[in-house]
Amino acid sequence: ACSAFSQKSCEECLKNVSCLWCYTNNTCIDYPVRSILPPSALCSLSNARWGVCWINFEALIIAMAVVAGLILVSITVCCCYCCYCRRHSRSRLDEEEEQLARKREERRLQSLQRKHERKLKHDEIRKKYGLLQDSDNPYSRFENE
């Protein structure tokens, strides 16, 4: 039992993990497992030691709460950042895909325009030499017999 370590030292009392050391009256008591924190009637948190003698229970609780809070905040920030990056990268990919489609369409239209210009130029040359059968051209190709 933990009460056997009373009036000894904190280190001897805390070798057993189910014990709590109280500095106000130098007693070793069983840790009240039914309640998460030991009640102040048993021992004040600033004078209670559990696990190690060099840090009081109050500081231990505050340190654990700060560490847990930092972990929760960092997880939340990471999740939000990842969601934002995914959404931003998706929209960026969509924009790039849309730009590529526009450029592809522009190139296709330019190609069609150049093809039409070439056809007109070739038709003019064919007209000039009488190779194009036009109804508005009164001349026809001269064939030697």
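No hydrogens, no waters, no symmetry mates; every other heavy atom, side chains included, goes into these values.
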Rounded distance (nearest 0.5 Å) linking atom [atom1] of [X] with atom [atom2] of [Y]:
{"X": "C13", "Y": "I29", "atom1": "SG", "atom2": "CD1", "result": "8.5 Å"}
{"X": "E105", "Y": "Q110", "atom1": "CD", "atom2": "CD", "result": "11.0 Å"}
{"X": "K119", "Y": "H116", "atom1": "NZ", "atom2": "NE2", "result": "8.0 Å"}

Could you give the side-chain donor-acceptor pairs of residues 33-48 under 3.5 Å, partners two or more places apart or in another chain?
| residue | atom | partner | partner atom | Å |
| --- | --- | --- | --- | --- |
| S35 | OG | L37 | O | 3.0 |
| S44 | OG | N47 | ND2 | 3.1 |

Does CD belonging to Q99 count more than 12 external heavy atoms closer than 6.0 Å? yes
Would F57 and L14 show up in the same hydrophobic cluster when neighbours are defined by side-chain heavy atoms closer than 4.5 Å? no
Going only through I, L, V, M, F, W and Y residues with side-chain contacts under 4.5 Å, is there a path from I61 to V67? no
Given salt bridge (charged side-chain N to carboxylate O under 4.0 Å, His left out), test E98 with R102 step by step and report yes or no. CA-CA 6 Å; E98 192 175 304; R102 265 190 266 123; 3.5 Å; yes
Identify each donor-acceptor pair in which a side-chain atom of residues 17-26 lies under 3.5 Å from a protein atom, sequence neighbours left out, and give them as a table.
| residue | atom | partner | partner atom | Å |
| --- | --- | --- | --- | --- |
| S18 | OG | N16 | OD1 | 3.1 |
| N25 | OD1 | T27 | OG1 | 2.8 |

Can you confirm whether N56 sits close enough to R49 that some side-chain heavy atom of one is under 4.5 Å from a side-chain heavy atom of the other? yes
Carboxylate-amine/guanidinium contact K127 D123, below 4.0 Å: no
Would you mind checking if K121 and E117 are paired as a salt bridge, meaning a charged N to carboxylate O distance below 4.0 Å? no
Minimum heavy-atom distance between K8 and A4, given as atom pair plus value: CE-O, 3.9 Å
Using residues 70-83 as the side-chain source, report each donor-acceptor pair under 3.5 Å to any protein atom, sequence neighbours left out, with the distance given to one decimal.
| residue | atom | partner | partner atom | Å |
| --- | --- | --- | --- | --- |
| S74 | OG | L70 | O | 3.1 |
| S74 | OG | I71 | O | 2.8 |
| T76 | OG1 | L72 | O | 2.8 |

For the pair S6 (side chain) and C28 (backbone), establish whether a donor and an acceptor sit closer than 3.5 Å, ignoring hydrogens and angles. yes
SG-SG distance between C53 and C10 under 2.5 Å? yes
